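Please read all numbers here as calculations on a predicted model, not as lab measurements.
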There are 2 protein chains.
Amino acid sequence: MQRRVYEDSVSTSYCDTCAIRNRAICAGLQDDEISLLNAIGRRRHLKAGERLLWEGDEAVLVANVIEGVLKLSTQTVDGKEQILGLAYASDFLGRPFGKTTPYGVEALTDAHVCIFQRADFDRVAREHPGLQHKLLERTLSELDRTRRWMLLLGRMNAEQKLANFLLEMSVRRANVGCADVPGEADVWALPLSRQQIADVLGLTIETVSRQFTKMKKDGLIDLPSRREVAILEHAKLEDLAA
Amino acid sequence: MQRRVYEDSVSTSYCDTCAIRNRAICAGLQDDEISLLNAIGRRRHLKAGERLLWEGDEAVLVANVIEGVLKLSTQTVDGKEQILGLAYASDFLGRPFGKTTPYGVEALTDAHVCIFQRADFDRVAREHPGLQHKLLERTLSELDRTRRWMLLLGRMNAEQKLANFLLEMSVRRANVGCADVPGEADVWALPLSRQQIADVLGLTIETVSRQFTKMKKDGLIDLPSRREVAILEHAKLEDLAA
DNA sequence: TTGCAGCATTGATCTGGGTCAAGGACGGCG
DNA sequence: CGCCGTCCTTGACCCAGATCAATGCTGCAA
């Protein structure tokens, strides 16, 4: 069980030079807490498509996303997939203080994560209120975000869903790099296939495709290639998203 | 702003005799922690339909549900309501460590809650890791539950949605009282109107009504009155829910 | 370069659930 | 007791998005 976790690219993590040192749960921790995390954490590289956690598995590890995009998902009984959320740099993955992992995690792009054996992490968290507090804050905002997504799934039509998806994607990946340059074209690579977008939004691949085509025809976006999007009319897209 | 919070039924809370003393975040706390909570918490009675929190308000308070059922909800731009979840006895309400309340809270039945000024609660939580840990565990399971609900909203048809709703309702309210008596008929009062059920499930009132009628005709449930449900064929309902 | 495998797009058709509209049941109140 | 307001049910119709099916594009491998 553990083998598949440790089979490659393990190296010591160096919090000092970590890209998300100031944004993840590590932000604002005291030096001794950081060095404890440093001691139990390891970096791991994931190739696009590689899995980090399997739904229902014993929850043996938790992780911080350092770079890349990952998806959290469950299967329905009839084999369809529902993506429960996406994780970007500085997001936290896994289920501390729990027995099993309630969803699968798979890298959509090549990714770097900082992994902890759950038992180690739980222990450090219990002993260090500062860390636990960070984790609580993060979990609370994740809960808020998830609840907002429920509104999207429960009450929006296909057009609104896709507009919201593109806008959220644009914001979340902008946060990852440097600040937005206003006026700069909002062009980026989509880390998801059409099928995966459909799974995120609770739609079918055909509907997603048709909505893309329509938005392009209307001049709201451009699609330079299958895996690239340019948001041309940000304001109009936001109107749709409402 | 605070007036509407304190306008009635305020009395000192007595954790010792509290019905949820051993199930809410209070469970397993040390005596000194309990007495601190006791000092800052107050009981409040809510009539069915009364609101405790308003979406977007400054987050001035948090609360534990002692008895009754409450709904968490947001409005969409076009005025529709989406219910984000239901809260039962021992559930936690509100947004600690946050500036604004991300959803409205309204009592569906007459209810008792144990309320805390958020500032007080935050302070005690920061100073008492045990409490913070409880809160973290509760938030993590709430996140899990919410994510499972996304699957319902994103991937299920009306029949599956209603079946799941009835089963969850049955379980959650059974947890509240004594243990299930096997063989005992599973009959209880619905705390939600048809419209509210529709809002929970992302459906319309007509569709909910039709599904109820169909399940009754198929002998899966009985509807002794508008606000009562009897689950007759638990197993078959579970088949539908899958 | 050709062939093939996997996405993605597009079209044609079907259908679950939304919408609109008309009663029906129940309670509260004069 | 009957009137009215609210909630619920039922029917008729329609449409957004699912489903089914054919074709196009792109990249890789031989």
Check: A:Ala48 main-chain N/O paired with A:Asp110 side-chain donor or acceptor under 3.5 Å:
yes
Could you tell me whether the side chain of A:Arg226 has a donor or acceptor atom within less than 3.5 Å of a complementary atom in the base of D:dC25?
yes
B:Lys214 NZ to D:dC8 P, in whole Å, measures 21 Å
Using 4.0 Å as the upper bound for N to carboxylate O, is an ion pair formed by B:Arg155 and A:Asp199?
yes
Toward the 5' end of DNA chain D, by each residue's nearest nucleotide, A:Gln211 or B:Phe212:
B:Phe212
Could you tell me whether A:Glu168 and A:Arg148 have a side-chain N and a carboxylate O separated by less than 4.0 Å?
no
Looking at A:Ser225, I'd like to know whether one of its side-chain N or O atoms comes within less than 4.0 Å of OP1 or OP2 on D:dT26.
no
A:Arg194 atom CZ is separated from D:dC25 atom P, nearest whole Å, by 15 Å
B:Arg227 CZ to C:dG27 P: how many Å, rounded?
12 Å
What's the NZ-C1' distance between B:Lys217 and D:dT9, to the nearest Å?
11 Å
Rounded to whole Å, CD of B:Glu228 lies from P of D:dC8 at a distance of 14 Å
Between C1' on D:dC7 and CG on B:Leu223, what's the gap in Å once rounded to a whole number?
14 Å
Return yes if some donor-acceptor pair links the side-chain N/O of B:Thr109 with the main-chain N/O of B:Val69 below 3.5 Å, else return no.
yes
Starting from the 5' end of DNA chain C, give me the residue, B:Asn157 or A:Ser193, whose nearest nucleotide shows up first.
A:Ser193
What's the CG-P distance between A:Leu153 and D:dG17, to the nearest Å?
13 Å
Between B:Glu159 and B:Arg210, is there a side-chain N and carboxylate O pair less than 4.0 Å apart?
no
Which residues in residues 196-210 of chain B have at least one heavy atom lying under 4.0 Å from any atom of DNA chain D?
B:Glu206, B:Ser209, B:Arg210
For B:Gln160 and B:Asn157, indicate whether the former's side chain and the latter's backbone hold a donor-acceptor pair under 3.5 Å.
yes
One thing to verify: whether B:Asp91 and B:Arg138 come together as a salt bridge, which I'm taking to mean a side-chain N less than 4.0 angstrom from a carboxylate O.
yes
Just the rounded figure in Å: distance from P of D:dA16 to CD of A:Glu159.
11 Å
